[in-house]
There are 2 protein chains.
Amino acid sequence: MRYFVAVAEELHFGRAARRLGMAQPPLSRAIAQLERRLGTVLLERDSRGVALTDAGQVLLHEGRTALAAVAAAEARTRRAGRPPGLVLASKAGASTDLLAVLLDAYAAGPDPVPVDLRLCRVGEQERLLRAGEVDAALLHVPFNSTAGLDSEELHTEGQVALLPAGHPLAARSTVRMAELAELPGLPAPRFPRHDGSFPEGAGPEIHDHSQLGQLVALGRTFAVLPDSSRSQLRPDVAVVPVLDAPPVTSVLAWAPGSTSRALAGLVRAAIGAFGG
Amino acid sequence: MRYFVAVAEELHFGRAARRLGMAQPPLSRAIAQLERRLGTVLLERDSRGVALTDAGQVLLHEGRTALAAVAAAEARTRRAGRPPGLVLASKAGASTDLLAVLLDAYAAGPDPVPVDLRLCRVGEQERLLRAGEVDAALLHVPFNSTAGLDSEELHTEGQVALLPAGHPLAARSTVRMAELAELPGLPAPRFPRHDGSFPEGAGPEIHDHSQLGQLVALGRTFAVLPDSSRSQLRPDVAVVPVLDAPPVTSVLAWAPGSTSRALAGLVRAAIGAFGG
DNA sequence: GGGCGGCGATACCGCAGCGGTATCACCGTA
DNA sequence: TACGGTGATACCGCTGCGGTATCGCCGCCC
């Protein structure tokens, strides 16, 4: 299964084998065996590389999910072994107020356990949660997806544009997405995809919040962020509400079906504090 | 992993080994090896059997999830290989009208594919969906859980009590749950749990809807069911609204993160038909 | 109290199956 | 036509899994 995902990602037996630390022939055999077992052709072998069939597409997706589930099972079990305590992931430099309210509400509840806070780079919280490295995470829909997770909505807000102080649009009282789309000399920032890679484009690659603020201040890019991010803004960045940006919902998310008493307490605190 | 789940369920190495079709010693070794790999004790071995540690509890749950994910990956891939078409699971004898509306809406949409209907015994739809045997299922919250699934709410309704025609409560205009709780000589029916087993109790084990109706008519049990089930009632069964029963929501559920175009069409049809 | 039965752990063995090297068959290109 | 690069095949060696036999431990019951 790991083998198939590697081949499907590389679309090349040789490279996939190298990535897996093995030789190419046993990999070919393993894939052929998998295809026999499933009774389906997964890969179209052209003499110049490999392409995925429809069934291969499905197995790539489902296989990633399954591998993640196995890895998560191991990680969660390891953590269940050692000292009690919750690990909560949150994006560094965002939702600070929200987090404070949540943690206070939990600490005030019945028998709280220590909460270890894990501040993440952009988009990393979701990965950590799905990998079972943390018990819960603060996610931001629609930037993150809650598909396959349990979640509780905490707060919804509009978005604002962050612009360099001297920019022509910076003096406006509101802007629209279309006006921001193709600003001359001010390319849109590029955020990491779920797999950690970045889309192609002219703008800078963004890893965390403070870096983004700095790049805006330097006139290298702009940003569209939730309203609450204005609370920790540098003075040399202008803020303009964006009328037609999709609203952003902050949610507390956790692995579905958890039986942890401590996690249940955190969720209850969240529901209580944000009037679920 | 399969090994551990078997042992954790049986709480007995010998029985677990028999269930797995292998001998006991290699099973013991495999579990010990798993514990070494995870660096955690999973089982307390008493000389008279086995008990789960906290970490073992977690791994039992997570392991089931992971095994289900692997099995689902295989099943979905197998189905992706062969002829296009959706498989939709629904509880036999329930939500007939809902189903008709949904299927009509889908068939009227853009490029529909054939929909294969799989009518299930009580509680089986959820299992089939999670196992990847079907593309989507009609579930009934709170009887089913949508944890770890994507879903779209279709319809919410109250519940009614089904009582034998001559029963003292049958003439009432409404009843309350507490009044139904301990009726002398009329035990509550027992529905299967997620794993297919039944709770202990005096009432009959229920496998499907028509069986339940028959048992009520015969004065052997009563039932609390969604309002819509009155549409296919036998005349010898009395219906009384239950004031404080939790409302039941019918939802269309599917595996999260699916990329199937056909499934997306079905979901869109559902949203359109039920004003999502 | 001693023998017995049932539990999981350990010792040892045999072989299936996985991964390695060498090589082939195919195809596009120079 | 020769060459480089692809995945498939042939064959081999060894690791590791599962099997049988046995042990050590504990509770039970005559």
Side-chain angles (χ1 to χ4, degrees), chain A residues 1-60 63 66-67 70-71 73-74 77 80-81, chain B residues 1-60 63 66-67 70-71 73-74 77 80-81:
Chain A
M1 176 65 70
R2 250 177 55 239
Y3 293 0
F4 173 76
V5 171
V7 174
E9 283 177 357
E10 299 283 349
L11 292 178
H12 189 292
F13 277 79
R15 278 197 301 276
R18 225 170 304 134
R19 201 173 99 184
L20 292 166
M22 66 188 295
Q24 169 260 320
L27 181 57
S28 285
R29 263 184 312 157
I31 300 293
Q33 179 178 331
L34 180 64
E35 287 182 319
R36 274 198 309 277
R37 193 157 58 89
L38 295 177
T40 317
V41 180
L42 300 171
L43 300 168
E44 292 298 348
R45 281 85 152 174
D46 187 86
S47 68
R48 187 179 223 59
V50 168
L52 285 171
T53 63
D54 286 354
Q57 298 271 7
V58 170
L59 187 60
L60 173 56
L67 288 177
V70 172
E74 296 194 3
T77 304
Chain B
M1 176 65 69
R2 250 177 55 238
Y3 293 0
F4 173 75
V5 171
V7 173
E9 285 177 355
E10 298 282 351
L11 292 177
H12 189 293
F13 278 79
R15 278 197 301 275
R18 226 170 303 135
R19 200 174 101 185
L20 293 166
M22 66 187 295
Q24 169 259 322
L27 181 58
S28 285
R29 263 185 312 158
I31 299 295
Q33 179 178 332
L34 180 64
E35 288 183 319
R36 274 197 308 278
R37 192 158 58 90
L38 295 176
T40 317
V41 179
L42 301 170
L43 300 168
E44 291 298 349
R45 280 85 152 176
D46 187 87
S47 68
R48 186 179 221 61
V50 168
L52 285 171
T53 63
D54 286 355
Q57 298 271 6
V58 170
L59 186 60
L60 174 56
L67 288 177
V70 172
E74 297 193 2
T77 305

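The chains referred to below are lettered A, B, ... by the order of the sequence lines, with proteins before strands, and numbering in each begins at 1. Values below: all heavy atoms of this structure, side chains included; hydrogens, waters and symmetry mates excluded.
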Can you tell me how far CG of A:Leu67 sits from CZ of A:Phe4, rounded to the nearest 0.5 angstrom?
11.0 Å

Between residues 20-32 of chain A and DNA chain D, which residues have a heavy-atom gap below 4.0 Å?
A:Gln24, A:Pro25, A:Ser28

Qualifying residues under side-chain contact (heavy atoms from CB on, under 4.5 Å), relative to B:Glu9, sequence neighbours excluded
B:Val5, B:Arg19, B:Leu60, B:Arg64

What side chain to side chain donor-acceptor pair (under 3.5 Å) pairs are there with at least one residue in residues 49-58 of chain A, not counting sequence neighbours?
none

May I have the distance from A:Leu42 (atom CG) to D:dA8 (atom C1'), rounded to whole angstrom?
17 Å

Which residue pairs pass the salt bridge (Lys or Arg N to Asp or Glu O under 4.0 Å) test when at least one of the two sits in residues 21-32 of chain A, sequence neighbours left out?
none

A:Val50 and A:Glu44: side chain to side chain contact (heavy atoms under 4.5 Å, CB included), yes or no, with the steps?
CA-CA 6 Å; A:Val50 168; A:Glu44 292 298 348; over 6 Å; no

Just by distance, do the side chain of B:Glu35 and the backbone of B:Leu43 share a donor-acceptor pair under 3.5 Å?
yes

Base, sugar-phosphate alone, or nothing: which one does A:Gln33 contact when heavy atoms must sit under 4.0 Å apart?
sugar-phosphate

Just jot down the side-chain contact (heavy atoms from CB on, under 4.5 Å) partners of A:Ala32, sequence neighbours excluded, or say none.
A:Arg36

Can you tell which of A:Leu52, A:Leu34, A:Val7 makes a side-chain contact (heavy atoms from CB on, under 4.5 Å) with A:Leu42?
A:Leu34

Rounded distance (Å) that lies between atom C1' of D:dG7 and atom CG of A:Leu43
11 Å

Partners meeting side-chain contact (heavy atoms from CB on, under 4.5 Å) with A:Gln24 (sequence neighbours left out)
A:Phe13, A:Ala17, A:Ser28

Starting at NE2 of A:His12 and ending at C1' of D:dG4, how long is that distance when rounded to a whole Å?
12 Å

Near-strand residues of residues 50-59 of chain A, defined as heavy-atom separation under 4.0 angstrom from DNA chain C
none

If the condition is side-chain contact (heavy atoms from CB on, under 4.5 Å), which residues does A:Arg18 pass it with, not counting sequence neighbours?
A:Arg15

Could you give the start and end, 5' to 3', of the contact zone on DNA chain C for chain A, using atoms under 4.0 Å from its heavy atoms?
C:dC18 to C:dC27

Straight-line distance of B:Leu59 CG to B:Thr40 OG1, nearest 0.5 Å:
9.0 Å

Can you tell me how far C1' of D:dG16 sits from CZ of B:Arg36, to the nearest Å?
13 Å

